[in-house]
A.B. asks: 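Quick one: structure below, then a few questions.
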Amino acid sequence: MKNIFVKKIFPAFLFILILSGCGLPSETKKPTEEDSLIYYPPTPEKIEKNEFRKLYREISDLFDTSLLNGNFNGGILIAKNGTILYEKYQGLKKLNTTDTLKAETPFHIASTSKTFTGIAVLKLVEQGKISLDDSLQKFFPGFPYASITVKMLLSHRSGLPNYIYFLSNSKRDKKKMVYNPDVLDFLMTEKPNADFKAGTRFAYSNTNFVLLALIIEKISGQSFPEYMQQTIFTPLQMKNSFVFTWNDSANVISSYLNNGTPYQNDFLEGTYGDKNIYSTPRDLLKWDQALYAGNFIKQELLDSAFTPYSFEKPSIHNYGMGWRMMLLPNGKKIIYHHGRWHGFNSVFARLPDEKATIIILGNRLTWKVYQAAGRCYNIFGNYFPDEKIGPDDDPVILNDKNTSPKLNQINKSKKISKK
């Protein structure tokens with residue numbers, strides 16, 4: 001009986017299984033269109049499907065392996081010609097809750113705020129209300145630093161010392177919040193030494209943009225938050241963007257060290273112009289696209305913001321008016337402004353040749369955001385083919401009580417400011 005089963009019944013049974021395709025591995029099967037939708041989101045209308053899927057695959061592979069597999073807590077948005085190629089939100093608004101981050105969650109964008117302040121000043125120039133060559137004495141009579149112009153503030157060529165340092169090192173009561181008028185008052189009364197003669201070289205100083213916010217207030221007759229809302233955020237329908245004031249402190253998300261320890265607010269939370277704009281990746285894309293549209297500000301003035309002004313030291317890095325840039329040997333140009341404040345990281349980079357936009361916002365401190373952004377440039381063009389990516393702004397706050405003493409000592413020697 002056993003021999004009959006082996007010789008006759010089992011082969012017949014096996015033959016039936018093969019014919020039915022059941023129970024045995026199938027031959028190589030080509031994926032159908034329906035199968036591919038498992039791996040790709042729907043193709044946006046304004047981009048060809050194969051191009052979109054290639055870019056999406058490369059972008060998602062990059063961020064899956066360089067950022068999302070760690071403690072990243074924030075949002076990522078990558079776009080081309082205004083079309084979103086990749087968008088991802090990961091983590092919590094507060095790490096001890098279950099309240100997840102959403103596309104509408106505003107993040108502190110730190111020194112990316114300077115792009116808004118810079119363009120806001122150029123809008124006043126466009127309206128003929130101020131000139132780039134105006135002296136600061138015009139706005140602040142008796143200002144004790146000679147020959148500083150509005151343009152020098154915008155391009156960080158004023159020589160003014162950074163208020164982050166001189167107020168941190170002063171005898172001023174650190175329990176009292178510092179606001180923009182306090183920075184001006186300290187400059188007027190205490191007269192801390194200038195770092196160098198105005199106009200002779202570049203040095204990044206947050207003081208410049210605090211004073212620019214005061215100039216905007218003086219000329220417009222509005223508070224800086226009101227002016228920015230009326231001039232930029234509302235017209236561009238940036239519904240989740242605003243200038244932070246202390247009244248907003250209970251309604252914004254907190255920031256954290258990478259290990260999850262909350263950052264504590266300090267006496268420097270009150271200044272704006274150099275920082276303190278909250279926004280979302282989608283709102284920043286609207287900002288990016290408004291600058292391409294050609295009807296938000298005169299192209300001549302916008303081009304002047306994207307023009308490099310500092311060539312004292314050979315470098316691919318330079319600064320325009322409110323914008324950083326990298327001028328690569330192969331002719332490529334990156335226009336950007338990253339930032340960091342406490343545990344908030346911000347990346348906002350524009351690749352004009354490809355009309356690509358890279359936006360990363362987070363509230364759990366990690367330097368990987370800047371490195372991931374740099375690698376993302378290569379997906380769109382020949383930017384850093386040797387992979388030696390080193391963005392110049394891995395910013396750290398001097399004397400930050402949440403930063404290690406060793407790192408603070410390094411910062412003192414390098415005079416690294418918040419970006």
Side-chain angles (χ1 to χ4, degrees), residues 110-115 117-119 121-122 125 130-140 143-169 183-184 186-188 190-215 271 273-275 301 303-329 333-340 390-398 410-419:
S111 278
T112 302
S113 303
K114 290 181 174 70
T115 68
T117 305
I119 297 298
V121 170
L122 293 179
V125 172
I130 63 174
S131 166
L132 290 174
D133 296 323
D134 281 341
S135 167
L136 293 201
Q137 279 78 11
K138 177 178 179 179
F139 310 104
F140 313 123
F143 191 70
Y145 301 86
S147 305
I148 298 176
T149 65
V150 170
K151 185 176 181 180
M152 290 176 190
L153 295 182
L154 286 166
S155 58
H156 290 294
R157 298 182 63 83
S158 70
L160 290 173
N162 198 323
Y163 78 94
I164 298 291
Y165 304 126
F166 64 68
L167 287 178
S168 294
N169 295 327
V183 176
L184 176 61
F186 196 95
L187 290 168
M188 298 285 281
E190 301 298 324
K191 302 178 179 62
N193 291 333
D195 289 338
F196 51 85
K197 183 180 177 181
T200 59
R201 63 183 179 90
F202 169 89
Y204 192 94
S205 174
N206 295 287
T207 306
N208 295 321
F209 279 74
V210 166
L211 295 181
L212 286 168
L214 288 173
I215 291 173
T271 49
D274 62 326
K275 58 177 175 61
L301 281 171
D303 289 343
S304 71
F306 299 153
T307 298
Y309 295 103
S310 298
F311 292 95
E312 293 78 31
K313 295 180 179 180
S315 174
I316 65 169
H317 300 288
N318 215 300
Y319 205 94
M321 290 192 286
W323 296 84
R324 288 189 178 274
M325 58 199 66
M326 283 188 263
L327 310 172
L328 304 185
K333 185 177 185 179
I334 303 165
I335 298 170
Y336 71 104
H337 215 308
H338 302 337
R340 182 236 159 176
D392 60 338
D393 42 358
D394 284 351
V396 182
I397 306 302
L398 183 69
I410 294 172
N411 294 337
K412 288 179 182 179
S413 65
K414 292 184 177 181
K415 293 188 176 181
I416 298 176
S417 69
K418 79 177 178 61
K419 300 292 185 180

A.B. asks: Quick one: do the Tyr204 and Ser111 side chains pair a donor with an acceptor below 3.5 Å?
C.D. replies: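 A pair is found: one side chain offers a donor N or O, the other an acceptor, under 3.5 Å apart.
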A.B. asks: Backbone N or O of Pro161 within a donor-acceptor pair of the Thr207 side chain at under 3.5 Å?
C.D. replies: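 Side chain of Thr207 to backbone of Pro161, a donor-acceptor pair under 3.5 Å: yes, one is there.
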A.B. asks: Exactly one of Arg324, Lys114, His337, Arg157 should register a side-chain hydrogen bond (donor to acceptor under 3.5 Å, both in side chains) with Tyr319. Which one does?
C.D. replies: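 Answer to the side-chain hydrogen bond (donor to acceptor under 3.5 Å, both in side chains) test with Tyr319 among Arg324, Lys114, His337, Arg157: His337.
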A.B. asks: Go through Thr117 and Asp274 one step at a time and tell me if the side-chain contact (heavy atoms from CB on, under 4.5 Å) criterion holds.
C.D. replies: CA-CA 8 Å; Thr117 305; Asp274 62 326; over 6 Å; no
A.B. asks: Applying side chain to side chain contact (heavy atoms under 4.5 Å, CB included) between Met321 and each of Leu301, Thr307, Leu132, report the one that passes.
C.D. replies: Leu132
A.B. asks: How far apart are the C-alpha atoms of Leu136 and Tyr145, what are their side-chain angles, what is the distance that settles it, and do they pass the side-chain contact (heavy atoms from CB on, under 4.5 Å) test?
C.D. replies: CA-CA 8 Å; Leu136 293 201; Tyr145 301 86; over 6 Å; no
A.B. asks: Taking salt bridge (charged side-chain N to carboxylate O under 4.0 Å, His left out) as the cut-off, I'd like each qualifying pair that reaches into residues 200-210, sequence neighbours left out, listed once.
C.D. replies: none
A.B. asks: Any salt bridge (charged side-chain N to carboxylate O under 4.0 Å, His left out) involving residues 131-140? Give me the pairs, sequence neighbours left out, ordered by first then second residue.
C.D. replies: Asp134-Lys138
A.B. asks: Take a 6.0 Å sphere around CG of Asp303 and say whether it holds more than 12 heavy atoms from other residues, nucleotides or ligands.
C.D. replies: yes
A.B. asks: Looking only at heavy atoms, which two atoms of Asn318 and Tyr309 are closest? And how far apart?
C.D. replies: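 In this case the closest contact between Asn318 and Tyr309 is OD1-N, 3.3 Å.
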A.B. asks: Would you sort out whether Leu160 and Leu153 count as a side-chain contact (heavy atoms from CB on, under 4.5 Å), showing the intermediate values?
C.D. replies: CA-CA 9 Å; Leu160 290 173; Leu153 295 182; 4.0 Å; yes
A.B. asks: Determine, stepwise, if the pair Leu214 / Val183 fulfils side-chain contact (heavy atoms from CB on, under 4.5 Å).
C.D. replies: CA-CA 10 Å; Leu214 288 173; Val183 176; over 6 Å; no
A.B. asks: Using the ring of each side chain (for Trp, its six-membered ring), is Phe166 parallel, tilted or perpendicular to Tyr163, with breaks at 30° and 60°?
C.D. replies: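 Aromatic pair Phe166/Tyr163 classed perpendicular.
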A.B. asks: Could you check whether the rings of Phe209 and His156 sit parallel, tilted or perpendicular, using 30° and 60° as the cut-offs?
C.D. replies: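 Ring orientation of Phe209 relative to His156: tilted.
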A.B. asks: Could you tell me if Thr271 and Lys275 have a donor-acceptor pair between their side chains, going purely by distance under 3.5 Å?
C.D. replies: yes
